[in-house]
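Below is one structure, written out as structure tokens; comments come after it.
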Amino acid sequence: MSPTAINVVELTRRRTQEIFQQGRTGIFVHTDRLFAVLMALQWVFGIAAAFWISPRAWSGTQSSIHIHVWAALFLGGIISGPAIALAVFAPGRTLTRHVIAAAQMLTSALLIHLTGGRIETHFHVFGSLAFLAIYRDWPVLVSATIVVAVDHGLRGVFWPQSVYGVLTSSSWRFLEHAGWVVFEDAVLILSCIRGRQMMWSFAERTAEFEASEDRYHAVVRQMADGVFVFDVETGSILEHNPAFLQLAGIARRDIEATRVGDVLMAGDEPFDEVMVRLSRELGSISTERQIKRPDGSTIDVACSLSSTMYAGNRAVCVVLRDITERRRIDAELAHARDAALESAKLKSEFLANMSHEIRTPMNGVVGMSGLLLETSLTPQQRDFAETIQVSADALLTIVNDILDFSKVEAGKLDFDVIDLDPRAAVEGTLDLLAEQASAKGLELVSLVETEVPSNLLGDPGRLRQVLMNLIGNALKFTERGEVVVRASLERDLPDASVIRFEVTDTGIGIAPSVQARLFEAFTQADGSTTRKYGGTGLGLAIAKRLVEIMGGQIGVNSTPGTGSTFWFTARLTKQHTLGPSTPQVALDSRRVLIVDDNETNRRILKYQLSAWRIDAHAVASGPEALDALRAAVAEGRPFELAVLDRQMPGMDGVTLARKIKGDRAISSTPLIMMTSLGDIGDGPELMRSGIAECLTKPVKHGVLRDSIARMVSSERTATAAAAPQDQSSEKPELMRAMRPGIRVLVAEDNPVNRKLALVQLQQLGYTADAVANGAEAIHAVERIPYDIVLMDCQMPEVDGYEATREIRRREKDRHIPIIAMTAHAMTGDREKCLDAGMDDYIRKPVDRTALAAMLAAWTPAECGAAV
Amino acid sequence: LQSQEKLSPASKAKRVPRSVWVGLAIVWLAAVLGGFWRIGTYANVAGPAGAPPDAWPVASAIARDAGAPTLLVFAHPQCPCSHATVGELARLMAHSQGRLRAHVLMYRPVSEPISWAQGDMWRLAAAIPGVSVSLDVDGVESKRFGVAVSGHTLVYDEHGRLIFSGGITASRGHEGDNDGRLAIVSFLETHAMAISRTPVFGCFLRPADES
């Protein structure tokens, strides 16, 4: 039993004792008073009896007051007086009732004497004992019995005839008399004990009831909510608490004569009728109403009501809570929310404008520095120009980060749901960062486990953004070693796959104290990090938000000085249709030797090859490779292919290739070389050393597979060996359009950007004109049949949107492609452009590659041919 | 709380020292015992035994039955104690079965009307079978028979000899077994009695100066 329970039991027991004592005292006091009256009456009766029976004593014709009259008066008074006085002035005391008991029995003795010892008067003794039993205090009976016993004993000895009616008495006679008294005493004492038990039981129940009442009061009476119960038929209030009176504005004195409907109205209906109707229709419900009080004021209340029974009648119990203040606060909150939304909208517009204002000059800086680098420069000038470009790129990254973060905060981040291949996303990201990794001499490798599905739905751009951020950070904070990107299937759900991405580096690591707040905005490991490595500290905060949108989590495990592993998960919906299946070339049981000094590379390559069921073996150096190749030949199971790393300590890849080709026993082994991006220029040397194909790190999964398939199926093209495929072909600057027949109109108000666009277009081989605002653009299009228009959106007088709408309104049989150029980057900008009639959208600063692709897409080849 | 308020007189009484209560109890007890002692004494103090003649007085106007013992009871009609004597007489007569002639002589002073003597006691006595009630004007007969106390009973045998003199109650006004009644009954049963004289409890038949 708990201490609280013990306390309650003890308190109840004490209260029981208290009630019991109060009850007993009440009985004692009441009975004392009864006896006071009785004894007074007996006294008077005794005097009257004496007057009646023996008023006078005679001597012939002379008489005097009989001694019995004096005895009745004085002895009766002496007997009764103290008892009456105690009953009046000290009722309830033990002494009082014992004196009363003795006096009562002495009165019996006196009356018996006054009546001449009549046997009938002896019944007064038994009647008195029964009367004394009203006290329910058996010791009183004992006192009375002792007095009777003493009286009878003395009389039995000295005057037996007065009590026994015989001249001589024996002890048996005394015992016979005593026996009757004891018999009555036994019955009465039993009755007293029983009565006492009943009183205790009653006290216990009363105490328990009081405790229950106290609990009820503690809960209901102290409630801040108004509680009341009303009769369904009459509407009269049966129960209520103080809070109800206050809430309903009813005076306590009026409550009994009050019907609910007389004082409270819900709209135009009496409140009780509304409550009864609701309880009948819906049972126990909670609702909110506005009620009108007796003074005419109205308050909003939340009502909880339930049907119940009260003293056998149907009733409804209602709990009312005043929600007027809450509703006022709600209204204020709604107002504040609207204001905040308006503020957010203004902020969004401000950001868009800021973005535009920053990007516009940045367009000039980035573009012009790019153009400058393509001119003939002295080494120092080139260094300056490159610094300008790097700084501009860095600034642009910061602007993009801030913009993205603003979008995240405003909840306006675009998120597409299109086909997504996690492998392509990882490899595409690695492609973009390969040069950065190569420049720092870092191994950048990826492993997308075979279980990871390729046909999923999501936003590849946002996924790449997160990967870019994490891998970029890893490269930034790693001076030597490697950065490994791993993707694995964490959970396969019926309609989705949860993919876990990990980026592990061997960088500086992060202190545990910093890890917890790493994903908060504007937070970096410490202030010195910002100074040393730059950055806004927003990248991880944005990544966290993006991951959360993708239904995943993000985190980091790191040991300072050893490196970090940033991880995140993404819940990506499965596509209903299967993705295009890769044509499978049988690679089963092909024997391939992997030679790489980097253990991670070896492990990943071996994993990939094993997944294709290739019998892959890995060694860590050139000499080990030579031994392995020779041993295989000796065993009669030569390797069908060797994949060599270019850079290895001791014997590098090229030397190893030469030694292999110089050894007749193993010279026929086809060789694939993995090189860094910076080594691509060494193609001819690689060809001479016997390399069949050269793959640039990080090697794409598909590229590697295709390359191995070609090698083992004897479709080798030795001439292709030194050419770094894929990457070189994607260089847009190497495929200039050279389409002078295509005429482009540039509408741009900023002179620098206008000039930049014209130079870029000239370099791409287009013929271009420029105008400074929308009005001029409209006129120019009317006068000259341009093949395409590059339209800035924000321009003075007539902006790009209005100009486009006007051009569209005026054009008849020919649709001229209009491409928006805007520094706006907020959600909806693209839609806004398309709604105005533009065909596509290119973001400032305009990248020349993107510009070339855009122009090529919107200017059909026959156009150029026709001119 | 209400009970405590009601008990406030008791609370005040509590302040009275215990010794006072004991003293008061003793005084009270003594007074009560004294009272009972006094009325007990009063009830048990007998009147003068008188000097009744051993032979029936010839001058008596009361008719003596020569064939049966004659019982005489002298009573004061207003004496409350003598009601018990009449009660005992009734028992005695019931027991005698006609073997006893009884006369109750009610004292009546000449100054009082007859009704003074013919009250409750007269009616009670007259109602007893075998008992004749007559007036004893100015106590002539009581003086003749030498008795002075109401309730004094005399029994003369058929020969006119006095065989019993005394009261037939054990004390004033108390009915019940008593030596007088038992002696008379014994005589009727056996013609012998252990005692022939008993104390008489009652009022004086005449004023003390006349006795």
Side-chain angles (χ1 to χ4, degrees), chain A residues 18 21-23 25-26 28-29 50 52-63 66-68 70-71 74-79 81-83 86 88-93 95-96 99 102-103 106 109-110 113-119 151 154-155 158-162 164-168, chain B residues 2-4 6-7 9-14 16 21 24-25 28-29 31-36 38-40 42-44 76-84 87 107 109 111-112 116 138-139 148 150 169-179 182 202-211:
Chain A
E18 198 175 279
Q21 284 301 342
Q22 282 178 354
T25 305
F28 293 157
V29 170
W52 182 54
I53 296 169
S54 50
R56 304 184 74 82
W58 290 84
S59 180
T61 54
Q62 296 172 354
S63 66
H66 197 283
I67 191 171
H68 282 185
W70 296 120
F74 293 107
L75 184 56
I78 289 168
I79 291 170
L86 283 171
V88 171
F89 297 110
R93 294 198 61 185
L95 176 69
T96 301
V99 167
L106 289 171
L110 179 61
H113 186 88
L114 294 179
T115 58
R118 292 169 62 87
I119 193 70
D151 179 53
L154 290 174
R155 283 169 185 271
F158 299 108
W159 193 9
Q161 194 268 343
S162 68
Y164 303 130
V166 294
L167 291 173
T168 56
Chain B
Q2 284 181 328
S3 299
Q4 287 171 355
K6 286 176 182 172
L7 288 176
S11 304
K12 290 175 186 172
K14 278 181 183 176
V16 178
W21 286 113
L24 286 172
W28 180 62
L29 200 59
V32 169
L33 288 175
F36 274 108
R38 177 69 188 90
I39 60 175
Y42 173 77
N44 287 282
H76 190 298
Q78 300 297 324
C79 175
C81 319
S82 297
H83 279 269
Y107 167 72
S111 58
E112 298 293 339
W116 185 85
D138 271 346
S150 178
T169 62
S171 59
R172 276 178 181 262
H174 277 77
E175 293 183 39
D177 287 353
N178 61 86
D179 291 339
L182 293 175
C203 299
F204 285 99
L205 286 169
R206 296 177 299 280
D209 53 344
E210 289 183 23
S211 304

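A note on names: the letters A, B, ... follow the listed sequences, proteins ahead of strands, and every chain is numbered from 1.
With a 4.5 angstrom heavy-atom cutoff, A:Arg56 touches chain B only via backbone atoms. Using a 4.5 Å cut-off between heavy atoms, B:Ala31 touches chain A through backbone and side chain atoms alike. Using a 4.5 Å cut-off between heavy atoms, B:Ser171 touches chain A through its side chain atoms alone. Proximity to chain B (any heavy atom under 4.5 Å) is restricted, for A:Leu86, to the side chain, taken from C-beta onward. For chain B, the nearby part of A:Leu95 is the side chain; its heavy atoms alone come within less than 4.5 Å. Both the backbone and the side chain of B:Ile39 come within less than 4.5 Å of a heavy atom of chain A. With a 4.5 Å cut-off on non-hydrogen atoms, A:Ile53 touches chain B through its backbone but not through its side chain. Both the backbone and the side chain of B:His174 come within less than 4.5 Å of a heavy atom in chain A.
Remark: B:Arg206 is not positioned above the aromatic ring of B:Tyr107, lacking an NZ or CZ atom under 6.0 angstrom from the ring centre and at most 45 degrees off the axis.
The nearest pair of heavy atoms linking B:Cys203 to B:Cys79 is SG-SG, 2.9 Å. What you find for B:Trp28 and A:Leu106 is that their closest heavy atoms are CH2-CD1, 4.1 Å. Heavy-atom minimum distance, A:Thr61 versus B:Ser111: CG2-OG, 4.4 Å. Of all non-hydrogen atoms in B:Trp116 and A:Gly60, the two that sit nearest each other are CH2-O, 4.1 Å. Heavy atoms only, all atoms of each residue included: B:Arg172 and B:Gly202 are closest at NH2-O, 3.3 Å.
The most heavy-atom pairs under 4.5 Å with chain A, out of B:Leu29, B:Thr169, B:Leu205, B:Asn44, come from B:Asn44.
Aromatic ring centres of B:Tyr42 and A:His113: separated by at least 6.0 Å.
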